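Read the structure below first, then the notes.
Just so we're clear, the structure is a prediction, and the values are computed from it rather than from any experiment. Start at 1 and go down the list; that is how both ligands and their atoms are numbered.
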Amino acid sequence: MWRGLWTLIARAARGPISPRSCTRQGSGAPAPSSGSTIFALSSGQGRCGIAVIRTSGPSSAHALRSLTAPQDLPPARRACLRQLSDPCSGEPLDRALVLWFPGPQSFTGEDCAEFHVHGGPAVVSGVLQALGSVPGLRPAEAGEFTRRAFAHGKLSLTEVEGLADLIHAETEAQRRQALRQLDGELGHLCHGWAEILTKALAHVEAYIDFGEDDNLEEGVLDQATREVRELEVALGAHLRDARRGQRLRSGAHVVIAGPPNAGKSSLVNLLSRKPVSIVSPEPGTTRDVLETPVDLAGFPALLSDTAGLREGVGPVEQEGVRRAQKRLEQADLILAVLDASDLASQSSCNFLDTVVIPTGARSPNPSGQRLLLVLNKSDLLPSNGPDPNPDLPPHLLLSCLTGQGLDDLLEALKKELAILCGDPSTGPPLLTRARHQHHLQGCLDALGHYKQAKDLALAAEALRVARGHLARLTGGGGTEEVLDIIFRDFCVGK
Ligand SMILES: Nc1nc2c(ncn2[C@@H]2O[C@H](COP(=O)(O)OP(=O)(O)OP(=O)(O)O)[C@@H](O)[C@H]2O)c(=O)[nH]1
Ligand SMILES: [K+]
Ligand SMILES: [Mg+2]
């Protein structure tokens, strides 16, 4: 039933894009009824002070009345203390704050109720069971509240993605980015672009219809072409930035590399604040690539520890070296580690010649990789002397043993990661998903067809295709599969 209805909504949304279809509906908009009423625990699982249980759908008012005494509905959006009891047995369940959100002014756009109960597992399961016994109510599926909010125009698709990312955000930068997306920034940007296309399309269509007419302003077609060209430039700039947004969502690849015993594993453990890798005085300790997700100065990163790079070793270590080199190729940022007290050794010189100098310390190489050179074990150098290595490329001194130099390293990492991931506090909204990139590229390709079109009807069609891509980005023309993928990321109760 719900699925069928959903298809209808999705199909309706696939129609021609109106300027409003990219944005949220105003809260006064009528909310289409969706049949069943769902309920779920919306706060986290486990023992806690307060747990929030909510319902959404036409039977919310009935559910609220059935469980509470006195039975009258509280004033809209105002918290009221009520006695909760099981509607079948009359058994008291809790004294709780309840809230009533008549639709469409609610999160989902439907009638919603919230029960803020004491967080013990017995109270929560008692209230959930009581709600399940109210006719017309059923447990929600994962993401169903948000899905209903989207269906009722409360959130655009990019805002839904922002909400999913906010729930999963683990670092400060991810939270900032997700909040910006939830605020609808990417949607607004696409909306603006779609408006430009609508205008250009109107001009082209006017020319098709009234081209011969003297009343038509001169140059309408030129103006449309000019606007399309400006749009192409804007889309191109955004697409060039696309990898940054995705890195911010899933973490930049930071690979720690260097000769044996430089202290690579010690640095991994220091940065991840846990004993991920084995540290020992024996060179060749690390063989496999060890990955660990970390929050580096507020940015998400996937940190890889690798085998020390050297030649003339046994087959197992050789395989480790091969894997390390392969991982180096995939790095967004290489953290090159050398033993500051051992710079003249063969393996240090080799590493400098083959990795550090070709990648160019602190500047991106042709494949966009960045590199930070760290001289570890600074505690072994004579103290307070001048920098003993003025001829090396720019570098940082660090001691994993004493922690000296760690703050400077984190500061440098923050700068590098802000370049790699984009800074979510400033700049244009980022494209955080491959889906965004796909539709922007589709839009750009269609604009290319516009320029090459041999007649005006084809040119107009290219503009329609371009606009369709922008509409699908924000959910105006979402297919059910895309929606399924996005909503799968949600938990029950969201
Ligand atoms: N004095 C001093 N010793 C350090 C420092 N960092 C690491 N070490 C020591 O150096 C040795 C090698 O450290 P690891 O972290 O295992 O070095 P690695 O680069 O991972 O070594 P492989 O995996 O064998 O390539 C260990 O005995 C560490 O305790 C440091 O800052 N100062
Ligand atoms: K070692
Ligand atoms: Mg190691």
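- In this structure, a donor-acceptor pair under 3.5 Å is absent between the side chains of S60 and T37.
- Considering only heavy atoms from C-beta on, L413 comes within 4.5 Å of L333 through its side chain.
- Using a cutoff of 4.0 Å between basic side-chain nitrogens and carboxylate oxygens, R322 and E319 are scored as salt-bridged.
- With hydrogens left out, the protein atom closest to atom 6 (N) of ligand 1 is N376 ND2, 3.2 Å, a heavy atom.
- In L380, the part holding a heavy atom less than 4.0 Å from any atom of ligand 1 is the side chain.
- Put simply, T285 gets within reach of the K ion (ligand 2), with an N, O or S atom under 3.4 Å from it.
- Here the options are V255, L373, L271, the test is side chain to side chain contact (heavy atoms under 4.5 Å, CB included), and the partner is L335; only L271 passes.
- A donor atom on one side chain and an acceptor atom on the other are not found under 3.5 Å apart for N269 and S266.
- Atom 26 (C) of ligand 1 has as its closest protein heavy atom S280 O, 3.6 Å.
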Show your working on side chain to side chain contact (heavy atoms under 4.5 Å, CB included) between R95 and V117 and close with a plain yes or no.
CA-CA 7 Å; R95 268 163 69 80; V117 302; over 6 Å; no
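- For the 3.5 Å distance criterion, the side chains of D94 and H118 qualify, holding a donor opposite an acceptor.
- Within E282, the N, O or S atom at minimum distance from the K ion (ligand 2) carries the name O.
- The residue A307 has no part lying near ligand 1, judged by heavy-atom distances below 4.0 Å.
- Checking T306 against the Mg ion (ligand 3), every N/O/S atom stays at or beyond the 2.8 Å cut-off.
- Counting only heavy atoms of the protein, atom 13 (O) of ligand 1 lies nearest to S266 OG, 3.6 Å.
- For T402, no heavy-atom contact with ligand 1 is shorter than 4.0 Å.
- Residue-to-ligand polar distances place A262 within reach of ligand 1: an N/O pair is separated by less than 3.5 Å.
- Of all protein heavy atoms, the one closest to atom 1 (N) of ligand 1 is D379 OD2, 2.9 Å.
- The atoms of ligand 1 that sit less than 4.0 Å from any heavy atom of E282 are 24 (O).
- Interface of L401 with ligand 1, defined as ligand atoms under 4.0 Å from a residue heavy atom, comprises 1 (N), 30 (C), 31 (O), 32 (N).
- Side chain to side chain, S272 and T292 fail the donor-acceptor criterion of an N or O pair below 3.5 Å.
- Residue contact annotation: T286 places no N/O/S atom under 3.4 Å from the K ion (ligand 2).
- For T285, every N, O or S atom stays at 2.8 Å or more from the Mg ion (ligand 3).
- Taking distance alone, with nitrogen or oxygen atoms compared against 3.5 Å, D305 stays at or beyond that limit from ligand 1.
- Taking 4.0 Å as the cut-off between side-chain N and carboxylate O, E159 and K154 do not count as a salt-bridged pair.
- Protein heavy atom closest to atom 10 (O) of ligand 1, with residue, atom name and distance, is K377 NZ, 3.1 Å.
- Using the six-membered ring where Trp is involved, H438 and H469 have ring planes that are perpendicular, over 60° apart on the 30 and 60° scheme.
- Contact annotation: for S265 versus ligand 1, heavy atoms closer than 4.0 Å belong to both the backbone and the side chain.
- In this structure, the protein non-hydrogen atom closest to atom 31 (O) of ligand 1 is C400 N, 2.9 Å.
- Here's the thing with T286: one of its N/O atoms is less than 3.5 angstrom from an N/O atom of ligand 1.
- Side chain to side chain, E114 and H116 meet the donor-acceptor criterion of an N or O pair below 3.5 Å.
- Between E170 and R175 there is no salt bridge, since no side-chain N of the basic residue sits under 4.0 Å from a carboxylate O of the acidic one.
- Checked options L396, L397, L398; the residue passing with D408 is L396 (criterion: side chain to side chain contact (heavy atoms under 4.5 Å, CB included)).
- At a threshold of 4.5 Å between non-hydrogen side-chain atoms, the residues R327 and E291 count as touching.
- Per-residue contacts place G308 under 4.0 angstrom from the following atoms of ligand 1 (heavy atoms of the residue considered): 25 (O).
- For atom 28 (C) of ligand 1, the closest non-hydrogen atom on the protein side is V279 CG1, 3.7 Å.
- Of all the atoms in ligand 1, the ones that sit under 4.0 Å from a non-hydrogen atom of P283 are 24 (O).
- Vertex the K ion (ligand 2), arms ending at O of S280 and OD1 of N261: the angle is 90° after rounding to 10 degrees.
- Because its NZ or CZ atom is not both nearer than 6.0 Å to the ring centre of F115 and within 45° of the ring axis, R54 does not count as a cation-pi partner of that residue.
- Residue contacts with ligand 1 for N261 involve both N, CA, C or O and side-chain atoms from C-beta outward (heavy atoms, distance under 4.0 Å).
- Closest to atom 19 (O) of ligand 1, if we only count protein heavy atoms, is K264 NZ, 2.7 Å.
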